[in-house]
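Structure first, commentary second.
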Number of protein chains: 4
Amino acid sequence: MHTLDQLNAMPDTDFVAALAGVFEHAPWVAATAAGARPFETVAALHAALMRAVETAEEDVQLEFLRGHPPLSPKAMTDPALTAESRSEQGGLGMDALGGSLARFETGSADYEARFGIPFITCVRRMTPPFVLRGLEQRLANTKTEEIAAALREIGFITRLRLVDRVSGPGKPRVAGHLSTHVLDTARGKAAEGIRIELFREGVLIKDGITNQDGRTDEPLLHGEPLRMGRYELRFHVEDYYAGWPNVTDPPWYDVIPVRFGVAEPEGHYHIPLLLNAWTYSTYRGS
Amino acid sequence: MHTLDQLNAMPDTDFVAALAGVFEHAPWVAATAAGARPFETVAALHAALMRAVETAEEDVQLEFLRGHPPLSPKAMTDPALTAESRSEQGGLGMDALGGSLARFETGSADYEARFGIPFITCVRRMTPPFVLRGLEQRLANTKTEEIAAALREIGFITRLRLVDRVSGPGKPRVAGHLSTHVLDTARGKAAEGIRIELFREGVLIKDGITNQDGRTDEPLLHGEPLRMGRYELRFHVEDYYAGWPNVTDPPWYDVIPVRFGVAEPEGHYHIPLLLNAWTYSTYRGS
Amino acid sequence: MHTLDQLNAMPDTDFVAALAGVFEHAPWVAATAAGARPFETVAALHAALMRAVETAEEDVQLEFLRGHPPLSPKAMTDPALTAESRSEQGGLGMDALGGSLARFETGSADYEARFGIPFITCVRRMTPPFVLRGLEQRLANTKTEEIAAALREIGFITRLRLVDRVSGPGKPRVAGHLSTHVLDTARGKAAEGIRIELFREGVLIKDGITNQDGRTDEPLLHGEPLRMGRYELRFHVEDYYAGWPNVTDPPWYDVIPVRFGVAEPEGHYHIPLLLNAWTYSTYRGS
Amino acid sequence: MHTLDQLNAMPDTDFVAALAGVFEHAPWVAATAAGARPFETVAALHAALMRAVETAEEDVQLEFLRGHPPLSPKAMTDPALTAESRSEQGGLGMDALGGSLARFETGSADYEARFGIPFITCVRRMTPPFVLRGLEQRLANTKTEEIAAALREIGFITRLRLVDRVSGPGKPRVAGHLSTHVLDTARGKAAEGIRIELFREGVLIKDGITNQDGRTDEPLLHGEPLRMGRYELRFHVEDYYAGWPNVTDPPWYDVIPVRFGVAEPEGHYHIPLLLNAWTYSTYRGS
C-alpha cells in the first residue's frame with residue numbers, strides 16, 4: 001500500500017514497480033503515465049494510466065489484451081495466472097453457471113477465434129449469468145467496438161486494483177451499497193427482530209436481524225461492487241406477527257420475498273419494507 | 001343428483017339409498033335423519049345428518065369412524081376403498097410429501113394405536129403439509145377431543161359430498177375464491193398483459209394473463225375449497241416495463257412474488273398488486 | 001323524446017322541428033342533415049349535424065355563433081335566452097367565481113370585441129374557475145383557431161342536448177363516473193361505515209357512507225359530465241379507528257383528505273383508499 | 001443559567017434563589033428539595049422538586065396551586081403575572097379560539113368555582129382547542145383527581161422551565177421532533193424541490209423546500225414540545241409533475257394534504273410521502 005504522495009515523489013522505476021500488479025504484464029502503461037505526475041487524486045492517476053492504454057496503437061492494445069488470461073475454470077490451474085486474476089476469478093465462481101458452463105466455454109472459444117484476444121470482463125462487478133450474457137452480447141460487436149468494450153472492462157478491473165493499493169484523496173467510487181429498513185405501519189414505528197436473508201442468483205449471501213431502528217446493524221452489502229444480477233430479499237415475518245390480533249393459521253404472510261435487479265455495481269440501493277397485517281409495500285428509497 | 005324436494009318426498013328407504021355415498025358404510029345416519037324431513041335448505045339437511053352422528057353413543061361413533069379407510073398412499077390399492085374416498089385421496093397427492101411421507105406413515109400408525117380409529121381429515125381442504133401438520137397436532141388430543149375433531153372433519157367431508165349430489169335452496173358454502181387485480185399506478189389504469197403464475201406449496205397450479213381490466217379472465221381458483229396452505233403468486237412484469245422510461249438493465253423488477261397463506265378454504269381472497277416503476281404494494285382486498 | 005327510428009322515418013320538417021332545441025336559432029343545421037338519414041346510431045346523427053355546421057361558410061358559422069347568448073350572470077335575465085341555455089348556465093353558478101367575476105366580465109367583453117362573437121363554452125363540463133381559465137386562454141387564439149374552438153364547444157353542448165331528447169342505439173358517451181372504495185388493510189377487508197364527503201372547488205357536492213363492500217351505495221358522481229376542476233374527497237375515519245389498539249388522543253388520522261383534478265368530463269375515475277392504523281395510500285384505480 | 005454542579009454545591013439559600021422562577025411564589029419547594037442534594041441528573045433534580053409538592057399536605061398544595069395566575073387573555077394584563085407565565089401564555093394565542101373563547105372563559109369560571117383553584121395547564125404542550133378540550137374534560141374530575149391532574153401539569157410546566165435554566169447531564173426530554181421525507185417512486189430516488197407547508201389547527205406555522213435528499217434542510221419542528229393538536233402537511237407537487245409523461249390538465253395531484261394528530265408533545269414524528277404519478281402513500285416512519 002502506497003500513499004498518492006509517495007507515488008508522486010518516487011523515481012520512475014519505483015513508480016512502475018509499485019503499480020506492477022495493476023495492469024498485467026504491461027509495465028509500459030505505468031511508465032507512460034509516470035511523466036504526468038504529480039496527480040492530485042487517485043482518480044486522476046487512474047485516468048492517466050487508462051489514457052496510456054487508450055491512446056496506444058491498436059496492435060499494442062491487442063498485444064496488451066492478449067496478455068490477459070482467459071476467463072475460465074480450467075484456466076484457474078494455469079501457472080501463468082497472476083495472483084490478482086486468480087483471486088478475482090476465484091471469487092466469481094463460474095462453476096455456479098452449472099449447465100450453462102458449456103455455453104460459456106463455447107462462447108469463449110468463439111470469442112477468441114473472432115477477435116484474437118481472450119474474453120475480458122470485470123468479474124467483480126457481475127454475477128456469473130451476467131458474465132455469460134455479456135459474453136454472448138459482445139460476440140455481436142465489430143472488432144473496433146469490442147476493443148473499446150474490452151478496454152472499458154480493463155478500466156473497471158484496474159480501478160479496483162488501484163484503490164486496493166493506493167491511499168490518498170479523490171479515490172474513485174468502486175463500492176456499492178445495499179441496505180433495507182422495515183417499518184411497522186400498524187404501530188407507526190420500526191419493526192425489530194425480523195430475520196432477513198439476501199440471495200443473489202439463488203444463493204444466500206448474507207443474513208441479519210432488524211434492530212430497534214428496523215435496520216440491520218451493518219448494511220447488507222457495502223465496501224465492494226454489487227455484482228450486477230438478480231437479488232432477492234426474504235423477510236421472515238411469521239414470528240413478528242405472532243402476537244397480533246386476528247392472526248390466521250397459517251398466517252397471511254410468513255416470508256415476504258422482494259426480488260430486484262442490480263444494474264449499477266457502484267450504486268446506492270435502499271429497499272424499505274412497509275409492513276402491516278394484510279398489506280405490505282416496498283420501493284427503492286434513498 | 002336429486003333435488004331437495006325429491007329427497008323430502010321420497011320413501012325413507014329411497015332417501016337412505018339416495019344418500020348412501022355421503023356417510024360411508026353408515027346407512028343408519030340417513031335413516032335417523034329421515035324422520036326430520038322436510039328440510040327447507042340443503043344446509044339444514046346436512047345439519048340433521050351430522051346431528052344423527054353427533055348424538056349417537058360413543059361406541060357407535062367409534063364404530064362409524066372405524067369404517068373409514070386410512071388416509072394413505074398404500075390404502076389407495078385397497079379394494080374396500082369407496083369410490084368417494086378414492087377420488088378424494090387421489091386428488092390429495094400425499095406423495096407430494098416426499099421425504100415427509102415416512103413421518104406421515106409413522107404418525108398414522110401412532111394415531112391408530114392411540115385412538116383406535118383411522119386418521120380422518122377432509123383432504124379436499126388442505127395441502128399435504130397441512131394434512132401432516134394436522135395429524136401431528138391431533139396426536140396431542142385427548143380421546144374425547146379427538147372424537148370431536150374427527151367428527152368435525154366428517155362434517156367437512158360430507159358437506160362436500162352432499163352438495164355434489166343434492167340441488168336445491170340454501171346450499172352450504174363449500175367453495176373458496178381466489179382472484180387478483182393488477183393496477184398500473186404510473187398510468188392510473190389497469191395493467192394488461194401480465195402473466196401470472198399461482199403456486200401452491202411450490203407446485204404451479206394455475207396461470208393466466210391479465211386482461212384489459214387487469215384481471216384474469218376467470219378467477220384463479222373457484223368452485224371448490226381452497227386448500228389450506230402456503231401459496232405464491234408470481235407476476236411476470238419484465239416485459240410490461242420494457243417500454244418505460246429509465247428502465248435499467250437488468251430491470252428493477254422482473255418477477256414480483258407474493259406469498260400468502262390460505263386459512264379459510266371457503267374464504268374469498270382477492271390479492272391486488274399496485275405496480276409502479278420503483279415500487280409495488282399488495283394487500284388482501286375485498 | 002324521440003327514438004332514433006322515429007327521427008329516421010319522419011318528414012324533413014318534423015325532423016327539423018324535433019331537433020329545434022339542439023342547435024339554437026339554427027333550423028338549417030337539422031335541415032342540412034336531414035338528407036343524410038337514416039342514421040344507424042345517435043352518435044352518427046350528432047356527427048352529421050356537426051358536419052353541417054363545420055362545412056358551412058365562415059360567415060354562416062359566425063352568424064350561427066352570434067346567435068348564442070353571452071355566458072354571463074347578467075344575461076340570465078335576458079328574455080331572449082333559450083330555456084336550454086338558461087338551465088345550463090343556471091347550473092354553472094358563475095357567481096361562485098366571487099372576486100374573479102369581474103375578471104370574467106372583462107374577459108367576455110374583450111372576447112366579443114376581439115372575435116365578434118359571444119364566448120361559448122360547454123359549461124356543463126367545467127367548474128367556474130375552469131370556464132374563466134378557458135376564456136383567458138382562448139383570448140390568445142387567432143380568429144381561425146377560435147372559430148374551431150367555439151365549434152368544438154358547440155359539439156359538446158349539442159351532444160349533451162341530443163342524448164337528452166333522442167333514444168336509440170349508439171349514444172355517444174356524455175357522462176363521467178366517480179367512485180371510491182375503502183379497504184381496511186389491517187383487517188384485510190372492506191371498511192364499513194366511513195363517512196365520505198366530496199368537494200368540488202371547495203363546495204360540498206355529495207356525501208355518503210361506505211357500506212359493507214367499502215363503497216358508497218351509488219357512485220359519488222355519474223349520469224352527467226364531471227366538471228373539469230379540482231376535487232377533494234374527505235374520509236372521516238376518526239370513529240372508524242375508535243376501537244383499535246393503541247389509538248392515540250388525538251387520533252393519528254381523523255379526516256383523510258384526497259385532492260385530485262378531473263381532466264376528462266366523460267372519464268371513469270375510481271379512487272380507492274387503503275387504510276391502516278399509521279398509514280394510508282390512494283391511487284387512481286380502474 | 002446554572003450548571004447542575006453549581007446547584008449541587010451552593011448554599012441552600014442560593015439554591016432556592018436560583019430556582020425561584022421554576023415553582024411560582026413557592027420558595028419552600030426548592031427549600032425542601034435542597035436537602036436531597038447532590039443530584040446526578042437534571043431529571044433527578046426535577047423529580048425531587050416535584051416530590052416536595054406531591055408529598056405536601058393537601059392544603060399546602062391547594063395554596064400553591066392558588067398562587068398560579070388564571071389562564072386567560074384578560075389575565076395577561078394582570079401586573080401580578082410572573083414573567084414566565086406571561087411568556088408562556090402569550091405564546092399560546094388563546095385568542096385563536098375565536099368564537100370558542102367565551103366557552104373557555106365560562107369553563108374557567110366554572111372550574112374555579114368548583115375546585116377553588118385556577119385552571120392550570122402546560123400551554124406550551126397544546127394548541128388552544130386542546131387547552132379548551134382539557135378544561136372541559138377536567139371539569140368532570142373529582143377534587144382529588146383534579147389536584148393530581150393539576151400537579152401533573154405543574155410537572156410539565158416546571159420541567160420546561162428547569163431545562164431552560166439548568167445545564168448538566170440527564171436533562172429530561174422536553175422537545176419533540178417533526179420531519180418529512182419525499183420519495184419519488186417513479187424514479188426510485190428522493191424528490192427534490194417540493195414546497196411543503198405545515199399547518200397547525202389551520203394556521204401556517206412553517207414551510208420549506210425538499211432538498212436533494214427529499215428532506216427539508218432542518219426538521220419542520222424541533223427544540224420545543226410539539227403542541228398536541230391537529231396538523232396538516234401540504235405538499236405542493238404540481239410543478240414537480242410538470243415534465244412527466246401523460247400529465248393531464250388539470251394535473252391529477254396539485255397539492256397533497258396529509259392531516260395528522262400529535263398526541264405526544266415530546267415524541268418523534270417522521271412522515272414520509274411516497275409519490276408517484278397516480279398514487280401516493282404516507283405513513284408514520286421512524
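Chain identifiers are assigned alphabetically (A, B, ...) following the order of the sequence lines, protein sequences preceding nucleic acid strands; residue numbering begins at 1 within each chain. Just so it is clear, the model here is predicted, and its values are computed rather than measured. Reckoned from all heavy atoms, side chains included, excluding hydrogens, waters and symmetry mates.
The shortest heavy-atom contact between Ala186(A) and Ala277(C) is O-CB, 3.3 Å.
Other residues, nucleotides and ligands place more than 12 heavy atoms under 6.0 Å from the NZ atom of Lys171(C). Remark: Gln212(C) CD is loosely packed, at most 12 non-hydrogen atoms of other residues, nucleotides or ligands lying under 6.0 Å away. Enclosure of atom CD in Glu136(A) by more than 12 non-hydrogen atoms of other residues, nucleotides or ligands within 6.0 angstrom is indicated.
Heavy-atom pairs under 4.5 Å with chain C peak, among Thr185(A), Thr279(A), Asn246(A), Leu274(A), at Thr185(A).
Once rounded to the nearest 0.5 Å, the distance linking CH2 of Trp278(A) with CG of Asn276(C) reads 12.5 Å.
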